[in-house]
Chemist: 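I'd like to ask some things about the structure below.
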Number of protein chains: 4
Amino acid sequence: VPTSRLEAFSDGVFAIAVTILVLAFAIPKGGASLSHELLHQWPSYIAYAVSFLTIGIMWVNHHDVMTQIGHADRTFLFLTIGLLMCVAFVPYPTAIVAEFVRGGDRQTAALFYGITLTTTAIFFNALWRYAAWNNRLIAEDADPSVVAGITRSFRPGVPMYAGSTLAALVSPVASLALFAAIALFYVASNSLLGRAE
Amino acid sequence: VPTSRLEAFSDGVFAIAVTILVLAFAIPKGGASLSHELLHQWPSYIAYAVSFLTIGIMWVNHHDVMTQIGHADRTFLFLTIGLLMCVAFVPYPTAIVAEFVRGGDRQTAALFYGITLTTTAIFFNALWRYAAWNNRLIAEDADPSVVAGITRSFRPGVPMYAGSTLAALVSPVASLALFAAIALFYVASNSLLGRAE
Amino acid sequence: VPTSRLEAFSDGVFAIAVTILVLAFAIPKGGASLSHELLHQWPSYIAYAVSFLTIGIMWVNHHDVMTQIGHADRTFLFLTIGLLMCVAFVPYPTAIVAEFVRGGDRQTAALFYGITLTTTAIFFNALWRYAAWNNRLIAEDADPSVVAGITRSFRPGVPMYAGSTLAALVSPVASLALFAAIALFYVASNSLLGRAE
Amino acid sequence: VPTSRLEAFSDGVFAIAVTILVLAFAIPKGGASLSHELLHQWPSYIAYAVSFLTIGIMWVNHHDVMTQIGHADRTFLFLTIGLLMCVAFVPYPTAIVAEFVRGGDRQTAALFYGITLTTTAIFFNALWRYAAWNNRLIAEDADPSVVAGITRSFRPGVPMYAGSTLAALVSPVASLALFAAIALFYVASNSLLGRAE
């Protein structure tokens, strides 16, 4: 299977990226009470959940994409590596947003987080559009309606991520809330499209 | 296989979560003697072993569950992601409990640990109950006695975890000891049920 | 395959444990020159290589063992979890020995490292002896000469590890050198036995 | 399959090494503004991308190599472990180069990075040359033109890495740029050779 190497590489990166998100949590040091500290870092829990959901959904979608791909070429390889480089990077802006949303330069933190997710979405869209254009890399036995369904489900991705990022210019917390809403929307729509069933 | 994607995602998260538990151990800095420091951090070793056992057992059980599942739907996907989010989070309360049990706010540390494991157990139970209800997602060729055996083995989970968590209000150390006992009980019962053989 | 779950669990833990060994290296901070710092931490490089080799060899051997196992029972499950708990723990004593061998309490550091590896070897030996005793868990189609070969190759393990650990009472550096020698010996003997070919 | 154990071991190490590169990024502490800090650490982003690409390409190439290998022997096992030890080590010099290129001892940092990648390339070349010499370990059904193609594609590796390392004596930044160029070259040539298709 010519694309199985790419899939194995990708699976590993997705699984590890999602699991090392927890390393962003710092152990509270003395001073304030532990219960106060643990409650006080609520943005960390939200950032953790949003990034976990977002990467998890991308993994599911990536599998859906790869099942339709018949072969890979140079550009597809480039775009996959770009996508994975973004996915593996997500734990860093997650830690930044968790650290700065409750105090400090919230706007920069939210923008940094949003730009990372938007860039990830751009690579993911470019990868699919490149593969699906005139069925360039689509497997011969692929179901055209499934291919069209994936194309349709990818359409709102970049605009939604870019919009949520720009929302940080008005309200960093609203921006994070929008990313949470997108993640929940994708879990729902993913199933509605019948692709997880 | 419609559920194999979920299983691969889950396997990766379980294996990585269990292995990064070790990152909670800090290298002792000067001052006291090294041997004193290494002995003094005994709660870290116990917390490490309990969390390792608990996640390991959940992995084994998750495989048992997935072999009975014929297909997945939206709610099942939601519950699996919730379960994995909890499992991947365990290294953090493990580090907290290791740091604070020997001094500081023991009760909060033990409660934080217990709440995490109880939430994990709730997601795991909800996932199985949702799938097994009227055989909703059970594979057609599943053995009814195996399905009933899993249901039976899941029953004591949440009450035991919740009880062990509440024990922290009386004694944080007793709470940790109860979680250790549950882990050992599950390793034993798991085999007694014949599912690991 | 009844033992495939255990193998998948084990494979993940071995691979991750070996790769997070690198996290023990700290980035030098100002003061001394970088080249001096990088050369000065030579014990870290040796500890990294020895632990990498040791875990790598155990992974290879674990696969050899599992190919001979026909089924698992409660005790085997217990022993496997104990073995993996030790393997996943190795990065911590590795970091300790790297930190303290060039200064500080070398003896305690080397003893801590040696005790961890010896405990790992004990679990590994117990696991195999339990399985091989009267062919308790050995697959029906297993080649008796291969089973006997594994038993023979396991015999020197615990004495060699225990001896190298005790050597730390005389010379911590000699102890580390002995562990390096054992690792190289196993890579060689492993192939001499024809099991990697 | 006698080489599948080695491949599984290798796959895990490659995937994890590439994903923990992100742990080199430190969360900025107060003082300067966050946006300034995030922009100021541009060398970290470049070092991250170069190491990610380099390890990713080595993974793809390693799979290509293993598909041609029919069996393994002692020396091949030694060389594979040496290769993986280098690959798993890459996150450390990556963090060093990211920290020191924008200030401090740039030359040592770039040399340390270059020596690591050159050593990795040497092990990779030695591994392939050993296996391909007189078709020593090549599978009987291997296509001679594919074997010759791999040999041809490996030839420029070590000289290019060594040259880029030595360039650090003149300009550390130029050295890093050369490693980036090599990575991009390999992604391109890899596809031109048709091995990713």
Side-chain angles (χ1 to χ4, degrees), chain A residues 7-8 10-39 41 44-46 48-64 66-67 91 183-184 186-197, chain B residues 1-6 8-21 23-24 26 55 70-101 103-113 115-116 137:
Chain A
E7 262 201 283
S10 308
D11 280 1
V13 172
F14 279 107
I16 302 156
V18 93
T19 318
I20 63 175
L21 285 170
V22 76
L23 298 178
F25 289 95
I27 296 175
K29 298 292 172 190
S33 80
L34 178 59
S35 56
H36 177 78
E37 285 280 344
L38 291 177
L39 293 173
Q41 68 188 6
S44 296
Y45 305 124
I46 294 177
Y48 172 80
V50 173
S51 292
F52 197 103
L53 267 178
T54 302
I55 299 179
I57 291 160
M58 284 186 180
W59 192 356
V60 173
N61 287 339
H62 187 258
H63 265 282
D64 287 342
M66 293 309 280
T67 57
L184 295 175
Y186 265 111
V187 174
S189 75
N190 203 39
S191 308
L192 289 175
L193 289 168
R195 286 194 282 113
E197 289 173 46
Chain B
V1 185
T3 58
S4 65
R5 288 196 326 248
L6 271 176
F9 187 91
S10 307
D11 280 0
V13 171
F14 279 107
I16 302 157
V18 94
T19 318
I20 63 176
L21 285 170
L23 298 179
I55 299 178
H71 64 284
D73 67 5
R74 174 169 62 160
T75 308
F76 189 80
L77 187 63
F78 257 116
L79 293 170
T80 299
I81 293 177
L83 169 65
L84 295 178
M85 226 185 272
C86 291
V87 167
F89 187 69
V90 168
Y92 182 54
T94 303
I96 294 276
V97 92
E99 181 71 20
F100 287 88
V101 158
D105 189 351
R106 301 171 180 202
Q107 200 168 73
T108 301
L111 282 172
F112 187 57
Y113 186 73
I115 289 168
T116 302
L137 307 176

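The basis for the numbers below is simple: all heavy atoms, side chains too, and nothing from hydrogens, waters or symmetry mates. Within every chain, numbering begins at 1; the chains are lettered A, B, ... in the order of the sequence lines, protein sequences first and strands thereafter.
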Chemist: Given side chains that start at C-beta, do those of B:Val90 and A:Val22 come closer than 4.5 Å, heavy atoms only?
Modeler: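 No, too far: nothing below the 4.5 Å cut-off.
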
Chemist: Of the non-hydrogen atoms in B:Asp105 and A:Ser35, which two are nearest, and what is the gap between them?
Modeler: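 The pair with the smallest heavy-atom distance is OD2-N, 4.1 Å.
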
Chemist: CG/A:Leu34 to CD/B:Glu99 distance, rounded to the nearest 0.5 angstrom?
Modeler: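 Rounded to the nearest 0.5 Å, the CG-CD separation comes to 10.0 Å.
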
Chemist: Looking at every non-hydrogen atom in both residues, tell me the closest pair between A:Pro28 and B:Ile96 and how far apart they are.
Modeler: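 Scanning both residues, the minimum pair turns out to be CD-CD1, 3.4 Å.
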
Chemist: With a 4.5 angstrom heavy-atom cut-off, is it the side chain or the backbone of B:Leu137 that approaches chain A, or both, or neither?
Modeler: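 No part of it gets close to chain A.
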
Chemist: List the residues meeting ring-ring contact (aromatic ring centres under 6.0 Å, His included) with A:Tyr48, not counting sequence neighbours, and say none if there are none.
Modeler: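 Only A:Phe25, A:Phe52, B:Phe89 meet the ring-ring contact (aromatic ring centres under 6.0 Å, His included) criterion with A:Tyr48.
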
Chemist: Between A:Ala26 and chain B, with a heavy-atom cut-off of 4.5 Å, which part of the residue counts as in contact: side chain, backbone, both or neither?
Modeler: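 Answer is backbone: N, CA, C or O of A:Ala26 sit under 4.5 Å from chain B.
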
Chemist: Which atoms of B:Ile81 come close to chain A, meaning under 4.5 Å heavy atom to heavy atom: side chain ones, backbone ones, both, or neither?
Modeler: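 For B:Ile81, backbone and side chain are both near chain A.
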
Chemist: Do A:Ile27 and B:Phe100 make a side-chain contact, defined as non-hydrogen atoms from C-beta onward lying under 4.5 Å apart?
Modeler: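 Yes, close enough: below the 4.5 Å cut-off.
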
Chemist: A:Leu53 versus B:Met85: any side-chain heavy-atom pair under 4.5 Å?
Modeler: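 They are in side-chain contact.
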
Chemist: Is the shortest side-chain heavy-atom distance between A:Leu23 and B:Pro91 below 4.5 Å?
Modeler: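 No - every pair of side-chain heavy atoms lies 4.5 Å or more apart.
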
Chemist: Minimum heavy-atom separation for B:Gly12 to A:Ala15, with atom names?
Modeler: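 Scanning both residues, the minimum pair turns out to be CA-CB, 4.1 Å.
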
Chemist: Need one label for A:Leu38: side chain, backbone, both or neither, based on atoms under 4.5 Å from any heavy atom in chain B.
Modeler: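 The side chain, not the backbone.
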
Chemist: Tell me every residue that passes side-chain contact (heavy atoms from CB on, under 4.5 Å) with B:Ala17, counting only those two or more places apart in sequence or in another chain.
Modeler: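 So B:Ala17 forms a side-chain contact (heavy atoms from CB on, under 4.5 Å) with A:Thr19, B:Ile55, B:Val87.
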
Chemist: Hey, could you give me the OH/CD distance between B:Tyr92 and A:Gln41, rounded to the nearest 0.5 Å?
Modeler: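 One gets 3.5 Å once the value is rounded to the nearest 0.5 Å.
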
